[in-house]
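Quick notes on the structure that follows.
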Amino acid sequence: MNTVEEVIVKKGSLYGLGIGPGDPELLTIKAHRILTSVPVIAYPTMESGKVLARAIVADFIRPEQIEVPMPLPFSVERSSQPYYDIGAEKIAEHLEAGRDVAVLCEGDPMLYGSFMYIFNRLATRFHTEVVPGISSTFASAAMLGAPLTFRNDVLSIMPATLEADILRDRLAVADAAIIIKLGRHFAKVKAVLEELGLFSRALYIERATMPNQTIKAIASVVADEVPYWAIVMIPSQTNPQ
């Protein structure tokens with residue numbers, strides 16, 4: 001009697017790789033091991049065609065690895081949901097076929113990271129592991145040489161995309177703060193900081209740890225020239241002595 005053997009394909013594992021703020025030497029040993037060993041690498045791409053995440057680790061990618069670009073809109077006017085749906089299903093096809101997939105994420109995957117949206121779509125279907133990375137928020141403090149918090153200070157991290165009144169309320173009670181995603185919102189942030197008397201304390205940095213990192217006196221910043229990858233930091237005033 002003939003029997004038909006059922007071939008069971010083991011599903012691949014999904015990895016969310018935090019690849020740090022921009023300097024490839026800040027990649028963790030674990031992230032490097034996974035990055036250089038998985039057969040498939042996925043990463044977001046901007047509408048302009050720029051691929052920041054891949055560029056950070058380009059020297060570590062092998063020619064035989066399969067690459068899955070995920071075009072994403074980075075404007076508030078357009079919803080990212082359908083784009084993440086498409087990207088997640090492309091990744092799922094490889095995972096169903098038994099291929100491990102590493103999704104590259106600048107900074108840390110679980111702190112305003114693009115991987116969170118892939119995680120929410122696929123983590124219940126496939127074995128998933130998140131590898132933390134150095135966030136640009138904390139890398140900025142190091143590059144600025146400004147301690148963020150002392151003792152019982154409370155640190156607040158907030159996106160510049162918030163409405164002005166919400167920013168004002170959050171900053172008014174913060175011991176120390178980091179404002180991210182500046183871009184075209186810088187003028188609004190500046191006005192709130194001036195209103196609260198925080199402007200003189202504020203520090204400004206663009207593209208922390210990248211080759212084109214720029215640190216400026218915040219008073220000299222031109223609003224129309226501020227990139228998305230800029231951060232304003234308000235360090236603690238606590239006396240550490």
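Residue numbers run from 1 in the order of the sequence given.
For the pair E225 and E206, the tightest heavy-atom approach, listed with the atom from each and the gap, is O-OE2, 4.4 Å. Across all non-hydrogen atoms, the minimal contact from N212 to T214 is O-OG1, 3.2 Å.
Remark: K181 NZ to W229 CH2 distance equals 9.0 Å, nearest 0.5 Å. Taking CG of L167 as the reference point, atom OG of S156 lies at 11.0 Å (rounded to 0.5 Å). From R201, atom CZ reaches atom CG of L196 across 10.5 Å, with rounding to the nearest 0.5 Å. In this structure, OG on S136 lies 11.5 Å from CG on L26, to the nearest 0.5 angstrom. Taking CG of L104 as the reference point, atom CZ of F60 lies at 11.5 Å (rounded to 0.5 Å). Here R151 contributes atom CZ and T238 contributes atom OG1; the two are 7.5 Å apart, rounded to the nearest 0.5 Å.
Because its NZ or CZ atom is both nearer than 6.0 Å to the ring centre of F126 and within 45° of the ring axis, K11 counts as a cation-pi partner of that residue.
Residues L182 and Y228 have side chains not in contact (no heavy-atom distance under 4.5 Å, counting atoms from C-beta outward). Contact check for H127 versus L14: no side-chain heavy atoms found under the 4.5 Å cut-off. L72 has its side chain out of reach of T45: every pair of non-hydrogen atoms, C-beta onward, lies at least 4.5 Å apart. Residues M70 and K90 form no side-chain contact, since every pair of their non-hydrogen atoms from C-beta on lies 4.5 Å or further apart. Side-chain atoms of L35 and I41, non-hydrogen and from C-beta on, do get closer than 4.5 Å to each other. Inter-residue side-chain proximity for P21 and E106 is flagged as unmet; no heavy-atom pair is nearer than 4.5 Å. For the pair H94 and I66, the minimum side-chain heavy-atom distance is below 4.5 Å. The shortest side-chain heavy-atom distance between L203 and I234 does not fall under the 4.5 Å cut-off.
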Verify side chain to side chain contact (heavy atoms under 4.5 Å, CB included) between V68 and V101, making sure each step is shown before the conclusion.
CA-CA 9 Å; V68 181; V101 181; 5.9 Å; no

Does the side-chain hydrogen bond (donor to acceptor under 3.5 Å, both in side chains) test come out yes or no for D108 and S135, once each step is laid out?
CA-CA 5 Å; D108 182 88; S135 168; over 6 Å; no

Could you walk me through whether V226 and Y204 pass side chain to side chain contact (heavy atoms under 4.5 Å, CB included), step by step?
-> CA-CA 10 Å; V226 175; Y204 177 89; 3.6 Å; yes

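Taken together through direct or relayed side-chain contacts under 4.5 Å among Ile, Leu, Val, Met, Phe, Trp and Tyr, L148 and F150 form parts of separate hydrophobic clusters.
Judged by distance alone, with hydrogens and angles left aside, the side-chain atoms of R62 form a donor-acceptor pair with the main-chain N or O of T36 at under 3.5 Å.
Ion pair E163/K188 not flagged as a salt bridge, since none of the NZ, NE, NH1 or NH2 atoms sits closer than 4.0 Å to an Asp/Glu carboxylate oxygen.
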